[in-house]
Number of protein chains: 2
Amino acid sequence: MAPAPFPVAVGGANVAERAQLPPSLAISTVIFALKPAPDGRPTLWVPLVRRVREPYRGSWALPGGPLTASESLEDAARRNLAETTGLDPAYLEQLYAFGGLRRANRPDIGSQRVVSIVYWALVRAHETEFGGELGEERDNVAWHPAEPSHGGPAELAFDHREIVDYALWRLRNKIEYAQVAYHVLGEMFTLAQLREVHEAVLGRSLDPANFRRQLKGTADLEATEHYLEGGRHRPPRLYRYTGPRGL
Amino acid sequence: MAPAPFPVAVGGANVAERAQLPPSLAISTVIFALKPAPDGRPTLWVPLVRRVREPYRGSWALPGGPLTASESLEDAARRNLAETTGLDPAYLEQLYAFGGLRRANRPDIGSQRVVSIVYWALVRAHETEFGGELGEERDNVAWHPAEPSHGGPAELAFDHREIVDYALWRLRNKIEYAQVAYHVLGEMFTLAQLREVHEAVLGRSLDPANFRRQLKGTADLEATEHYLEGGRHRPPRLYRYTGPRGL
DNA sequence: ATCACTTAAAGTCATTTTGACTTTAACTAG
DNA sequence: CTAGTTAAAGTCAAAATGACTTTAAGTGAT
């Protein structure tokens, strides 16, 4: 039997039977990218997929799909993300497993239980192009500001608005103990670029001089002998992240 | 059909069929309690259950079991914990979903896939009594030091040793932004008791005066008009936690 | 009742860290 | 050569931290 399409219940079974089915497992991803908001300032955006079936037909939802028997959780997250958006982030991390009973528990689909394991990532600007193999589905994938206050959709399918809000909260706490921010940048970056990431995530501006001083205390940053030229000003030195990469 | 017993594969299906089964979902719990280690100093202990079936028959494992269709993830964690140990922690939090392919992937059980969602908690001393309804299973439940360096078992069933280590790591990071520690104490507690919890979790001693000063900066602590009497010294004031309780 | 003993709670002080700001350096565009 | 721009380093007062001292308030023994 093919896996049930996410996040709709298994077809065929009636409501009473569905209530007895074991919970099905799905994987979703929240991908954050740094793009200029409508007001011009760089903010966090997420890719969303428009639903073409009930429930929530026409609403925007997080990219996701089922977990198959032969792949790890992270592999499943990557595969679903590639299939729905063509994206391929360098860094993925598990966010949370959502399995409350009210999820997808609507009259029209019965009480089939769906547990979603959600992964999240921060991607670089050049990784935000949707894959070219999507065909006609291309129109149903788009980047949106992560927060309604920056122009993002106030309502998403299922409980996906709450999931994005939770991911934002985690991101803002996690950046305090760093590391996450580096994955949004390339191999080498200037301190100003790194500061821009921190400012977008935290939602406030940081003093350049103090930011520089504090990062010097962190041993995970290494100065290279390269400089970024081309600006109409003194060229900034490029740095490299030397800390841990995965969990 | 009854849910599959945790964490053994569904009986009846042969190995080839098992590989095609959708992943099954199980819930486990890591319960930390503060007890004196063999050396007398208070350290972290966890309740473990001895396995009575293959695989890992005779090894110690985390309490856990299957997720049924009609309960939330946290409810399932509570129910499984009560059934296997009789424990009922006041506070439970989700730790992580483990679903790597090597989990339980042994020749004798085929490649049935088990995804475990792990919850964790810190409990008070008076909550460490195992329930009285366990009967003959009582001998197969026991508290063990969480760390091998304090006398705990170096090897556990499945990947449970890694899970406990990860929970310890999360605990030591999380206590920095507090809150977790309060759940190990009662409604009211002295600053010395709170300091003992922090010391056990962090594994080092803290200066009483500085600890007091730093907590006064935290608004989540409220001094009561009660004092703990009975010691052969000046009675300490009792405090109350006023911060958030759940997620 | 007095005294030695113990821990609570507050205070002291030098050092470190932080936040706001200033100065100097090094490039580009005209 | 000059004005404009940002990089990078430096200054300084305020706040936080770590090690330590002093005083308070109970207990049990004499």
Select base, sugar-phosphate, or nothing to describe what Ala209(A) touches, counting heavy atoms under 4.0 Å on all strands.
-> base
[X] and [Y]: which non-hydrogen atoms are nearest, and at how many Å?
X	Y	answer
Arg172(B)	Leu44(B)	NH2-CD1, 4.5 Å
Leu73(B)	Ala97(A)	CD1-O, 3.6 Å
His198(B)	Ala181(B)	NE2-CB, 3.7 Å
Pro145(B)	Pro153(B)	O-CD, 4.1 Å
Arg50(A)	Asp139(A)	NH2-O, 4.3 Å

Earlier contact from the 5' end, DNA chain C, for Ala192(B) and Asp207(B) | Ala192(B)
Grab the [atom1]-[atom2] distance between [X] and [N] for me, whole Å please.
X	N	atom1	atom2	answer
Leu206(A)	dA20(C)	CG	P	10 Å
Gln193(B)	dA8(C)	CD	C1'	13 Å
Leu228(A)	dC27(C)	CG	P	13 Å
Phe211(A)	dT6(D)	CZ	C1'	16 Å
Gln214(B)	dT16(C)	CD	C1'	13 Å
Arg212(A)	dT11(D)	CZ	P	16 Å
Leu194(A)	dA8(D)	CG	P	13 Å
Asn210(A)	dT22(C)	CG	C1'	12 Å

Among side-chain atoms of Tyr91(B) and Glu93(B), is any donor-acceptor pair under 3.5 angstrom?
-> yes
Using a 4.0 Å cut-off on protein heavy atoms (strictly under), produce a 5'-to-3' string for nucleotides 22-30 of chain D with B for base contact, S for backbone-only sugar-phosphate contact, and - for none.
-> --BBBSS--
Confirm from the modelled atom types if Arg213(A) and dG19(C) form a donor-acceptor pair under 3.5 Å, side chain to base only.
-> yes
So, the side chain of His160(B) versus the backbone of Ala61(B): is there a donor-acceptor pair under 3.5 Å, distance only?
-> no
Is any side-chain nitrogen or oxygen of Lys216(B) closer than 4.0 Å to OP1 or OP2 of dA9(C)?
-> no
